[in-house]
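Only one structure is covered here, and it is reproduced in the block below.
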Amino acid sequence: MALVLTLSLTSCELIGDIFEAGAWTGGILVIVVIVGILWLLARLFGRGRR
């Protein structure tokens, strides 16, 4: 019984780490996309001022 509990707890920890890494990757991806859109808009609307 203790062996089963030990194995199941480590697998839950592993799955939690995978989801945490996925959340960080998703957050970084969202930031990169927002920065890219802002850069594109600044470039498009910046040409009229020059």
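Because the structure is predicted, anything quoted here is derived from the model rather than measured. Atoms considered below: every heavy atom in the structure, side chains included; atoms not considered: hydrogens, waters and symmetry mates. Residues: numbered from 1 along the sequence shown.
- Under the side-chain contact (heavy atoms from CB on, under 4.5 Å) criterion, I34 pairs with V30, L38, sequence neighbours left out.
- Residues satisfying the side-chain contact (heavy atoms from CB on, under 4.5 Å) criterion with I37, sequence neighbours excluded, are V33, L41.
- We find the CH2-CG distance between W39 and L44 to be 9.0 Å, quoted to the nearest 0.5 Å.
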